Participant: 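Input: one structure, supplied below.
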Amino acid sequence: MSGPEKAVVFDVGRVLFRWELRALFEKLIDDPQELDWFLANVVTEEWHFQHDRGRPLAEMVPERIAQFSEYEPHIRAYAERFNETVPGPVEGSHDLVRRLHERGVPLYCLTNFGDEFWATFRPTQPIFDLFEDVIVSGTEQIAKPDPRIYAIVEQRSGRRGNALFFTDDNPDNVFAARARGWDAHLFTDAAALESQLLGAGLL
């Protein structure tokens, strides 16, 4: 079990890395109105969230193609080119990770991320080498804000309550962490997070 020192738990999407379905599909759909319609009705964030919760792509993709057969190549691109929906890091966040790591602060991630997509994304990003553990919703088949995935973090980090500093861009996920006593903060940008970490004595 880890020691009692405070650990920092990062969300991944829109905290460490930008995530935009549009970044992939604007390469495939030229018409802006059609692109907006496609992202609102075909490959939507809500539909994608099924994979975050553990549903396999082998079920999701054929089912969606049956509904929107004219977009079969685009739906297959979602499964095959997912890394292109992650255009790069969130400005300033990786610098904070490195500074915390240099100070010896234990680092964890708690992310809603599909298991199959994580398997292809994780090897491309050495920043995760600085983390002691990454808890992935698709692997656990439980997604934030379900309290059970926070309990997994507590178990695997050996910490509870105020010994965990958490940052996430989704208010529901932050509220769920606060309900367990975590020192949880809504992520808006790296500058605000830096101030929060300074206030907690972590930087």
Side-chain angles (χ1 to χ4, degrees), residues 1-19 45-46 48-55 86 89-115 117-119 121-122 125 127-203:
M1 181 173 288
S2 303
E5 74 272 24
K6 195 159 185 162
V8 177
V9 184
F10 282 85
D11 178 27
V12 174
R14 299 175 176 149
V15 173
L16 290 177
F17 287 91
R18 293 159 55 206
W19 179 60
E45 292 194 11
E46 293 75 20
H48 160 82
F49 190 57
Q50 296 178 55
H51 189 46
D52 287 352
R53 289 196 299 263
R55 192 171 185 220
V86 185
V90 171
E91 185 177 359
S93 290
H94 290 203
D95 180 56
L96 293 174
V97 169
R98 294 185 188 97
R99 287 167 60 190
L100 289 164
H101 179 71
E102 287 167 6
R103 287 177 61 91
V105 175
L107 299 173
Y108 294 84
C109 283
L110 171 57
T111 180
N112 283 353
F113 212 114
D115 181 60
F117 288 154
W118 181 251
F121 179 69
R122 166 62 183 91
Q125 303 299 335
I127 191 72
F128 293 112
D129 295 344
L130 304 183
F131 289 82
E132 297 195 12
D133 200 356
V134 180
I135 291 81
V136 178
S137 66
T139 307
E140 305 301 331
Q141 301 197 336
I142 306 165
K144 295 176 291 186
D146 190 313
R148 293 176 295 167
I149 200 163
Y150 297 84
I152 291 170
V153 176
E154 293 167 357
Q155 179 184 18
R156 282 165 51 174
S157 70
R159 295 170 177 82
R160 300 175 68 88
N162 198 52
L164 294 163
F165 178 106
F166 179 56
T167 182
D168 194 296
D169 68 302
N170 185 318
D172 291 341
N173 298 342
V174 173
F175 295 148
R178 288 177 180 163
R180 301 187 70 85
W182 294 18
D183 181 10
H185 300 264
L186 184 67
F187 181 86
T188 54
D189 56 51
L193 176 57
E194 180 180 34
S195 296
Q196 294 157 356
L197 291 165
L198 286 165
L202 291 160
L203 282 179

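All values derive from a computational prediction rather than experimental measurement.
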Participant: So do the side chains of Val105 and Lys6 get within less than 4.5 Å of each other, counting heavy atoms only?
Facilitator: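 No, side chains not in contact.
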Participant: Taking the side chain as every heavy atom from C-beta outward, state whether Phe17 and Ser93 have any atom pair closer than 4.5 Å.
Facilitator: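 With C-beta onward as the side chain, the pair stays apart.
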Participant: Tell me the closest heavy-atom pair linking Val12 and Cys109, and the distance in Å.
Facilitator: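 Looking at all heavy atoms of both residues, the shortest contact is CG2-SG, 4.0 Å.
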Participant: Output the distance between atom CG (Asn112) and atom CZ (Phe49), rounded to the nearest 0.5 Å.
Facilitator: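 The distance works out to 4.5 Å.
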Participant: Between Glu5 and Pro106, which heavy-atom pair has the shortest distance, and what is it?
Facilitator: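 Answer, listing the atom of Glu5 first, then Pro106: OE2-CG, 3.4 Å.
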Participant: Is any NZ, NE, NH1 or NH2 atom of the basic residue among Glu132 and Arg159 found under 4.0 Å from an Asp or Glu carboxylate oxygen of the other?
Facilitator: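 Salt bridge absent between Glu132 and Arg159.
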Participant: Could you tell me the separation between the CG atom of Leu164 and the CG atom of Asp183, rounded to the nearest 0.5 Å?
Facilitator: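 So the gap between those two atoms works out to 9.5 Å.
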Participant: Just to verify, which of Phe187, Phe10, Trp182 counts as forming a ring pair (Phe, Tyr, Trp, His ring centres under 6.0 Å) with Phe166?
Facilitator: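 Single pass found, and it is Trp182.
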Participant: If you define the side chain from C-beta out and look only at heavy atoms, does anything of Asp115 sit under 4.5 Å from Gln141?
Facilitator: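 No, their side chains stay 4.5 Å or more apart.
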Participant: Enter the distance from Leu100:CG to Asp95:CG here, rounded to the nearest 0.5 Å.
Facilitator: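 If I round to the nearest 0.5 Å, the distance is 9.5 Å.
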Participant: Is there a donor-acceptor pair under 3.5 Å between the side chain of Arg122 and the backbone N or O of Gln125?
Facilitator: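 Present.
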Participant: Kindly give the heavy-atom pair with the smallest separation between His51 and Gly114, and that separation in Å.
Facilitator: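 Scanning both residues completely, I find the closest heavy atoms to be CD2-CA, 3.4 Å.
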Participant: Relative to each other, are the rings of Phe128 and Phe121 parallel, tilted or perpendicular (30° and 60° limits)?
Facilitator: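 Answer is perpendicular, since the angle exceeds 60°.
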Participant: Could you point out which residue of Arg148, Arg53, Arg156 forms a salt bridge (Lys or Arg N to Asp or Glu O under 4.0 Å) with Glu140?
Facilitator: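 Answer to the salt bridge (Lys or Arg N to Asp or Glu O under 4.0 Å) test with Glu140 among Arg148, Arg53, Arg156: Arg156.
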Participant: Which atom pair, heavy atoms only, marks the closest approach of Leu16 to Asp11?
Facilitator: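 Minimum heavy-atom contact is CG-O, 3.6 Å.
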Participant: Strictly distance-based, threshold 3.5 Å: is any side-chain N or O of Arg160 a donor or acceptor partner for the main-chain N or O of Glu154?
Facilitator: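 No, the answer is negative, given that no donor and acceptor are paired below the 3.5 Å cut-off.
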Participant: How long is the gap from CG on Leu193 to OG1 on Thr167, to the nearest 0.5 Å?
Facilitator: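 Here the rounded value is 4.5 Å.
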Participant: Just wondering, are more than 12 heavy atoms of other shown residues or ligands nearer than 6.0 Å to CZ in Phe175?
Facilitator: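 No, the 6.0 Å shell around CZ holds no more than 12 heavy atoms from other groups.
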Participant: Which atom names give the shortest non-hydrogen contact between Ile142 and Ile149, and what distance separates them?
Facilitator: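 What the structure gives for the nearest pair is O-CD1, 2.8 Å.
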Participant: Find the distance between CZ (Arg14) and CG (Asp169) and round it off to the nearest 0.5 Å.
Facilitator: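 If we round to the nearest 0.5 Å, Arg14:CZ and Asp169:CG are 6.5 Å apart.
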Participant: Is the backbone of Pro145 close enough, under 3.5 Å, to the side chain of Tyr150 for a donor and an acceptor to pair up by distance?
Facilitator: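 Answer holds: no.
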Participant: Measuring only between side-chain heavy atoms, which start at C-beta, is Leu203 closer than 4.5 Å to Leu96?
Facilitator: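 Yes; the side chains approach each other to less than 4.5 Å.
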Participant: Do any pairs count as a salt bridge (Lys or Arg N to Asp or Glu O under 4.0 Å) and have a residue in residues 102-111, sequence neighbours left out, and if so which ones?
Facilitator: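 Matches after skipping sequence neighbours: none remain.
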Participant: How far apart are the C-alpha atoms of Trp19 and Phe113, what are their side-chain angles, what is the distance that settles it, and do they pass the ring pair (Phe, Tyr, Trp, His ring centres under 6.0 Å) test?
Facilitator: CA-CA 11 Å; Trp19 179 60; Phe113 212 114; 8.5 Å; no
Participant: Nearest 0.5 angstrom please: Leu202 CG to Phe165 CZ, how far?
Facilitator: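 If I round to the nearest 0.5 Å, the distance is 6.5 Å.
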Participant: Taking the side chain as every heavy atom from C-beta outward, state whether Ser157 and Asp133 have any pair of such atoms under 4.5 Å apart.
Facilitator: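 Heavy-atom side-chain distance check fails, nothing below 4.5 Å.
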Participant: Closest approach of Ser137 and Asp52, non-hydrogen atoms and distance?
Facilitator: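 Shortest heavy-atom separation between Ser137 and Asp52 comes out as OG-O, 2.6 Å.
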Participant: Can you check whether Asn170 reaches Lys144 side chain to side chain, under 4.5 Å on heavy atoms?
Facilitator: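 Result no, sub-4.5 Å side-chain heavy-atom pair not found.
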